[in-house]
Amino acid sequence: MRTDTTEPAPPAASAGRGLPLSALLALATAVFITSLTETLPAGLLPAMSADLGVGESATGQTVTIYAIGTALTAIPLTAATAGWRRKRLLLTAVAGFAVANTVTALSANYPLTMAARFVAGVAAGLAWALLAGYARRMAPVHLQGKAIAIAMAGIPVALSLGVPAGTFLGKVVNWQTAFLTMTGLTIALLAWIVASVPDHPGQRAGSRPPMLRALTVPGVPAVLFVTLVFVLAHTILYTYIATFLAHLGMGGSTDLVLLVFGVASMASIWIVGVHIHRRLRALTIASALLVAVAAAILAVPAESPALVYVAVTLWGLGWGGAPTLLQTAVGDAGGEAADAAQAMLVTLWNVAMAGGGVAGGVLLGLLGTTSLPWSVLALLVPVLIAVLAARTHGFPAKREGTTP
């Protein structure tokens, strides 16, 4: 049971009549905006770098600084705002994206752009630590995994539609228009949250366990380790996907490749949403294996665009459901310390995002684009070992509340 529940669950959830779809879709849209704000520069690197007067590796650090903002602030801000009502906190985080994306769009100054991206990362730290728990609280126990899957569907939608659409806008109009469009969507989302998302109280001061206590809970460290290394592996390649594709002579197909990746990710999150209640462990193993196979295909020099699309499809199938799997796993393992565990997951996720942006840039400069997929493959070995070893806690063979 979660410690931040100080009032009964909403009637729809407690009565088991289903899920509040409008509210969950609003959370999915918040996830969409959070994910797209984070990853949009990946499809716009050449244009952004030209207008900001810096190289592509430096522009890639707009992803890194976003992740640093989240990593530095997720735990302290989660602790500082634990007593806030949840709806107020969600609205504050979403408003932060509107401000940051507007400044990013209007800025022609690299330091100012980096500052705006840092602010966006701070907003993301609040949002990510809040959204999965918010979705869980809207659902009865047997539908909590599905509720999180619906909320996390914003990630593959951002990847499948948002990034390609933003890349297309960058080509047809300019990259600034893509960020201003994000501002418009965010303003609409604020109204949707006000109208549709139920409010919940924060935690009472006496009911808040120390944040670091989560590290002593069996299973939590394993999930956090898998999160750190898995996200690091993914980010090293994804941040520089446009540059990688240009090396293969497919620079003009970046938007289409990202579309294929995102569609596969959407299929993945649907599969995860259907089966996560009974097969979290198997799905997590399959997720890591699919991304590993994709990296192996991309690591082998080939002049075949068809192989690239096969690899990207497998990558999307493996990665799309990963956020839902990892947030569900850490929430299950955390128990009474679930909120603290979620905040730690958000922090490590973004440490990995920052590390991936930096490591990818270093690899790109020292060893070239071919080193990126090999790095992904190497990092996924300890991920698989950790998931396989966490059979009792973290990624159990049988989740609590399921039947054989």
Side-chain angles (χ1 to χ4, degrees), residues 31 34-35 38-39 63-64 66-68 70-75 78 121 124-125 127-133 136 145 148-149 151-152 155 211-212 214-239 265 268-269 272 276 280-281 283-292 315 318-335 337-357 359 375-376 378-391 393-396:
V31 170
T34 304
S35 300
E38 185 169 33
T39 57
V63 176
T64 302
Y66 179 107
I68 290 172
T70 302
L72 290 179
T73 60
I75 289 178
T78 297
W128 281 127
L130 172 70
L131 288 165
R136 285 171 72 100
I148 294 175
M152 293 301 112
I155 296 174
M211 294 292 289
L212 293 180
L215 290 175
T216 66
V217 179
V220 170
V223 180
L224 294 179
F225 173 81
V226 169
T227 299
L228 177 67
V229 183
F230 200 175
V231 176
L232 177 65
H234 165 79
T235 308
I236 281 175
L237 182 56
Y238 189 83
T239 301
S265 295
S268 172
I269 205 167
V272 166
I276 190 171
L280 184 145
R281 176 180 173 81
L283 288 168
T284 306
I285 293 169
S287 175
L289 284 173
L290 284 168
V291 177
W315 186 6
W319 180 252
T324 300
L325 292 167
L326 295 170
Q327 293 219 18
T328 300
V330 85
D332 286 354
D339 282 347
Q342 291 280 3
M344 289 181 180
L345 181 142
V346 169
T347 297
L348 288 179
W349 189 290
N350 286 278
V351 166
M353 292 286 293
S375 300
V376 174
L379 287 167
L380 287 174
V381 173
V383 167
L384 282 165
I385 291 172
V387 174
L388 291 170
R391 184 178 181 85
H393 301 288
F395 300 97

**OP:** Could you pull out the closest heavy-atom pair between V272 and G321, with the gap in Å?
**Re:** CG2-CA, 3.8 Å
Original post:
Taking it one step at a time, do F230 and L384 satisfy side chain to side chain contact (heavy atoms under 4.5 Å, CB included)?
Top reply: CA-CA 9 Å; F230 200 175; L384 282 165; over 6 Å; no
**OP:** Please identify each residue that fulfils side-chain contact (heavy atoms from CB on, under 4.5 Å) with V229, with sequence neighbours left out.
**Re:** F225, L379, P382, V383
**OP:** Could you tell me which residues satisfy side-chain contact (heavy atoms from CB on, under 4.5 Å) with P218, sequence neighbours excluded, listed by chain and number?
**Re:** H393
Original post:
How would you list, by chain and number, every residue that makes a side-chain contact (heavy atoms from CB on, under 4.5 Å) with L290, sequence neighbours excluded?
Top reply: L314, L317
Subject >> Gap between atom CD1 of I269 and atom OG1 of T324 - 0.5 Å precision >> reply: 3.5 Å
Subject >> Rounded distance [0.5 Å steps], CH2 in W349 versus CG in L326 >> reply: 5.5 Å
Subject >> Residue pair A233 / V376: nearest heavy atoms and the distance that separates them >> reply: O-CG2, 3.0 Å
Subject >> L325 versus S287, closest heavy-atom pair with distance >> reply: CD1-CB, 4.2 Å
Original post:
Who passes side-chain contact (heavy atoms from CB on, under 4.5 Å) against A286, sequence neighbours left out?
Top reply: none
Original post:
Rounded to the nearest 0.5 Å, what separation is found between the OG1 atom of T328 and the CG atom of L280?
Top reply: 6.5 Å
**OP:** Would you check if the side chain of T34 reaches a backbone N or O of A124 as a donor-acceptor pair within less than 3.5 Å?
**Re:** no
Subject >> Distance (rounded to the nearest 0.5 Å) between L232 CG and L380 CG >> reply: 9.5 Å
Original post:
Do the non-hydrogen side-chain atoms of L388 and R281 ever get within less than 4.5 Å of each other?
Top reply: yes
Original post:
At their closest point, which heavy atom of G125 faces which heavy atom of T70, and how far apart are they?
Top reply: CA-CG2, 3.4 Å
Subject >> Heavy-atom pair with the smallest gap, counting every atom of T235 and V231 >> reply: OG1-O, 2.7 Å
**OP:** List in chain and number order the residues that pass side chain to side chain donor-acceptor pair (under 3.5 Å) with T227, two or more places apart in sequence or in another chain; answer none if no residue qualifies.
**Re:** none
Subject >> Euclidean distance, L228 CG relative to L348 CG, rounded to 0.5 Å >> reply: 5.5 Å
Subject >> Closest non-hydrogen atom pair, G320 against P323 >> reply: O-CD, 3.5 Å
Original post:
Nearest 0.5 Å, what's the CG-CD distance between D332 and Q327?
Top reply: 12.0 Å
Original post:
For Y66, what residues pass the ring pair (Phe, Tyr, Trp, His ring centres under 6.0 Å) criterion, not counting sequence neighbours?
Top reply: none
